[in-house]
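Structure record follows, encoded as structure tokens.
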Amino acid sequence: MQMRGPLPSGFGELDMTKMPRHVAIIMDGNGRWAKAQGKGRTAGHRAGMERLCKVVRTSSDIGLEALTLYAFSTENWKRPRPEVEALFALLVEYIRREIDELHRNQVCLRIMGEIQYLPAAARREVERGCALTAENTGMVLNIALNYGSRFEIVRAARQLAQRVQEGTLQTDAIDEACFAQALYTQGLSDPDLLIRTSGEQRLSNFMLYQLAYAEFVFTEKHWPDFENEVYYECLMQYMHRERRFGAVGKV
Ligand code: FPP
């Protein structure tokens, strides 16, 4: 873990030896935030995009190895078409506006999900951003787009079955490490900490395999209100937990 400079505002002391390497966030509550402000849902998503921008900067500044953000699930297509279009327009705007800074900060953009079904402009921007930053050695910014965890697992099983059928893989060689390499998160460590905003306490088909040993922290704050102070509180909660990975703890 690399610290690049002073801690961002809102952060007190952080014990760098206990920091998570990989944080995953279910960004929830844009709609409720907008409603509380008497605004439309698109305004909520725009505020969510601005928050995302800040959280990415902070995460890179505090030296995370990876930040995974749940931006669009396979179930989100059920939302009204104008809302879906607004979400992808915000994604395009975000990448166009921020990619140079991300690149300067050595952030490596990755996407997990079936991006071939994204609107063409969004897909183009995503591919361009990933290609530009592919060799960067700083934080991995992994955005889940058109992502569903059960599908990800089924897709991995299919890929491995195909390789067995072709004779390039022995059934006995399929172990947890081999399976993990067939997931979208290939090469990334599992998230140590999962944060979900806006009070809901469920996984919503997110990283079911990778979150096996993660610590979960839930906050009542809506995503647009997830300020540095709230992020810091979540990290502090994580650092005070004892992670045992199935073993016996200190007695
Ligand atoms: C949840 O709010 C959030 C989302 C559906 C997606 C997150 C989207 C953004 C942060 C906007 C920009 C995206 C990118 C990738 C730049 P909700 O609508 O489910 O909130 P609600 O449950 O209160 O209705």
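Keep in mind that this is a model prediction, so the values were computed, not measured. Atoms within each ligand, like the ligands themselves, are counted from 1 in listed order.
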Check: Which of parallel (below 30°), tilted (30 to 60°) and perpendicular (above 60°) describes Phe11 and Tyr232?
Finding: perpendicular

Looking only at distance, does [X] have an N or O less than 3.5 Å from an N or O of ligand 1?
| X | answer |
| --- | --- |
| Ile143 | no |
| Arg32 | yes |
| Asp28 | yes |
| Tyr94 | no |

Assess the side chains of [X] and [Y]: does a donor N or O sit below 3.5 Å from an acceptor N or O?
| X | Y | value |
| --- | --- | --- |
| Ser60 | Asn105 | no |
| Glu166 | Gln162 | yes |
| Tyr184 | Glu114 | yes |
| Asp190 | His22 | no |

Considering only non-hydrogen protein atoms, determine which one is nearest to [atom] and report residue, atom name and distance to 0.1 Å.
| atom | answer |
| --- | --- |
| atom 9 (C) of ligand 1 | Asn30 ND2, 3.7 Å |
| atom 4 (C) of ligand 1 | Met27 O, 3.9 Å |
| atom 20 (O) of ligand 1 | Gly31 N, 3.0 Å |
| atom 11 (C) of ligand 1 | His45 O, 3.5 Å |
| atom 12 (C) of ligand 1 | Met49 CB, 3.7 Å |
| atom 6 (C) of ligand 1 | Ala71 O, 3.1 Å |
| atom 13 (C) of ligand 1 | Leu52 CD1, 4.4 Å |

Answer with yes or no whether [X] contacts ligand 1, where contact means a heavy atom under 4.0 Å from a ligand atom.
| X | value |
| --- | --- |
| Ser198 | no |
| Trp33 | no |
| Arg79 | yes |
| Arg41 | yes |

Note to self: I need the atoms of ligand 1 closer than 4.0 Å to a non-hydrogen atom of Gly48, numbered in the order shown.
What the structure shows: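 Counting atoms of ligand 1 from 1, those under 4.0 Å from Gly48 are 10 (C).
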
Item checked: pair Glu101-Arg57: side-chain heavy atoms closer than 4.5 Å ->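 When only atoms from C-beta onward are counted, Arg57 and Glu101 do touch, with a gap below 4.5 Å.
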
Margin query: Check this for me: Gln116, atom CD, are more than 12 non-hydrogen atoms of other residues, nucleotides or ligands nearer than 6.0 Å?
Written below: yes

